[in-house]
Amino acid sequence: MITPKEIKIKASRKYTSVLQSLTLNKPFEKLIIRGDKKYQKDSLQEFEKEILLINSLSKEKKGFGYTLEFQQVKTKYLGTQDLPTSIYFETKYDYLKFLGKEKEEVLFLESTTKIKEAFPELEPWILKNPLKVIQNQAEWDGILSVCSYFKQTPNPNIYIRELPINVHTKFIENNQGIIKDLLDSIILDHIKVDEKLFEKRFNLKYAEPQIRFKILDKTISERFFNGLEDIATPINKFETLNLPIERVIVLENKTTFYTALTLPEIDKTITIFGSGFSVSNLKNVSWFKDKTLLYWGDLDAQGFEILSQFRGYFPQTKSIFMDKFTFDKYYENEKGTASNITTSLHLTHEEQELYNYIKAGTLRLEQEKIPFDYVNEYFNKM
């Protein structure tokens with residue numbers, strides 16, 4: 001027989017639809033709970049215990065909650081018994097009191113009224129997301145203030161913390177998810193729908209990623225940067241560089257990049273810290289397209305996947321020190337991170353074979369484990 005705990009679980013599953021009805025001002029309709037469990041056969045004592053329990057928490061006993069309707073039924077194993085044939089909540093009060101949601105319902109209605117008064121167009125969003133209304137209960141005044149500002153000024157072109165909105169400095173950052181949901185409905189015609197970054201999507205300034213690079217040609221360093229060799233610049237500035245270089249070496253690891261500060265001088269060459277999968281920051285560097293690009297990453301599954309990602313942007317990319325000879329020479333039984341990637345990669349035949357081998361064994365040879373005399377021997381030939 002169904003228990004009060006199971007009735008509560010089933011009743012809770014209907015909570016979203018009840019909230020949706022409240023949003024539309026629909027009257028509460030009798031809410032029926034299916035009690036489709038079989039009775040324990042050959043155990044009258046157990047049956048009576050179950051009947052007593054389900055009765056003890058019913059509306060008849062508690063003054064609220066579910067109503068039970070009984071019917072005398074002749075059973076195969078227990079003889080003639082009064083069995084509950086219908087379980088239902090007759091009123092909204094019975095239902096909400098049983099779930100302990102009376103206060104929550106009041107606050108929900110207050111919030112939905114506030115939201116619809118400010119933005120009637122958000123009613124479809126409320127209907128789709130009633131639980132989000134409740135989850136953000138304490139923040140609605142601030143959230144609606146932010147939405148009002150963006151509706152009046154859909155292209156702010158300033159930083160988040162410069163917005164003239166009476167909320168604390170981290171409010172928008174802390175509530176980006178819900179604010180994004182709402183602004184997608186309120187100012188749809190003004191947003192960049194393909195952008196995932198909040199600032200880009202809603203026309204705000206943002207701190208761009210920094211590209212760190214080392215100039216290996218002293219002549220270029222002195223001519224363009226007053227002798228500076230180790231430089232960091234925002235990606236938009238990096239994209240507009242116009243240097244007389246022919247070769248770019250991209251390094252995956254920061255440790256290797258620091259060590260690369262001791263690389264030999266190489267004419268018309270710079271080296272860049274790619275920062276793993278953040279090589280995506282480089283995908284719009286148009287002047288890369290006519291340069292020789294060398295990529296050096298860890299010899300693990302992720303290293304080859306990042307190489308593939310970068311080569312997807314720039315097909316002429318050549319890998320260095322990511323070969324079977326180097327792996328066999330310096331591998332020290334280190335375990336890598338498993339990969340679930342199943343899509344085809346932008347790898348050469350030799351790279352693909354090594355990738356398959358490393359991935360199957362979850363192996364790793366990190367860049368920094370390759371001695372720099374071995375590395376410099378290669379670079380000295382350039």
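Quick caveat, the model's predicted, so the values are computed rather than measured. For reference, positions follow the sequence shown, starting with 1.
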### Message
Under a 3.5 Å cutoff, is there a donor and acceptor pairing between the side chains of Glu104 and Tyr15?
### Response
yes

### Query
According to the interplanar angle, ranging from 0 to 90°, do the rings of Phe310 and Phe288 count as parallel (below 30°), tilted (30 to 60°) or perpendicular (above 60°)?
perpendicular

### Query
side chain to side chain contact (heavy atoms under 4.5 Å, CB included) between Tyr355 and Leu307: does it pass, once the steps are laid out?
CA-CA 11 Å; Tyr355 169 72; Leu307 165 63; over 6 Å; no

### Message
Taking side-chain contact (heavy atoms from CB on, under 4.5 Å) as the criterion, tell me which of Val18, Asp94, Ile87 meets it with Leu31.
### Response
Val18

#### Entry: Residue pair Tyr374 / Thr326, side-chain donor-acceptor N/O under 3.5 Å
yes

#### Entry: Hydrophobic cluster partners of Tyr88 (side-chain heavy atoms under 4.5 Å)
Ile32

### Message
Checking Glu353 against Tyr357: is there a side-chain donor and acceptor pair closer than 3.5 Å?
### Response
no

Which pairs would a plain distance check flag for residues 148-159, meaning a side-chain donor or acceptor within less than 3.5 Å of a matching protein atom at least two apart in sequence or in another chain?
{"unit_1": "Ser148", "atom_1": "OG", "unit_2": "Leu144", "atom_2": "O", "d": "2.9"}
{"unit_1": "Lys151", "atom_1": "NZ", "unit_2": "Glu121", "atom_2": "OE2", "d": "3.2"}
{"unit_1": "Asn155", "atom_1": "OD1", "unit_2": "Asn203", "atom_2": "ND2", "d": "3.0"}

### Query
Mind checking whether Thr67 and Ser58 have side chains closer than 4.5 Å, heavy atoms only?
no

### Query
Side chains of Thr337 and Gln302: donor-acceptor distance under 3.5 Å anywhere?
no

### Query
Do NZ/NE/NH1/NH2 and the carboxylate oxygens of Glu90 and Lys30 come within less than 4.0 Å?
no

### Task
Evaluate the side-chain proximity of Glu334 to Lys369: yes if any heavy-atom separation is below 4.5 Å, no if none is.
yes

### Task
Hey, could you give me each pair passing side chain to side chain donor-acceptor pair (under 3.5 Å) that has a residue in residues 166-178? Not counting sequence neighbours.
Arg161-Glu173

### Query
Which of parallel (below 30°), tilted (30 to 60°) and perpendicular (above 60°) describes Phe89 and Tyr95?
perpendicular

### Task
Go through the side-chain N and O atoms of Asn356 and Gln352 and say whether any donor and acceptor fall under 3.5 Å apart.
yes

### Message
Before you tell me yes or no, could you show the steps for Ile245 and Asp217 under side chain to side chain contact (heavy atoms under 4.5 Å, CB included), namely the whole-Å CA-CA distance, both residues' side-chain angles and the distance that decides it to 0.1 Å?
### Response
CA-CA 9 Å; Ile245 62 172; Asp217 186 324; over 6 Å; no

### Task
Assess the side chains of Gln137 and Ser111: does a donor N or O sit below 3.5 Å from an acceptor N or O?
yes

### Query
Without hydrogens or angle criteria, can the side chains of Thr113 and Glu110 be said to hold a donor-acceptor pair below 3.5 Å?
no

### Message
Can you tell me how the ring of Phe225 sits relative to the ring of Phe213, calling it parallel under 30°, perpendicular over 60° and tilted otherwise?
### Response
perpendicular

### Arg364/Asp298 under salt bridge (charged side-chain N to carboxylate O under 4.0 Å, His left out): CA gap, chis, key distance, verdict
CA-CA 7 Å; Arg364 172 187 289 148; Asp298 288 338; 5.1 Å; no

### Query
With distance as the sole criterion, is a donor-acceptor pair present between the side chains of Arg311 and Thr317 under 3.5 Å?
no

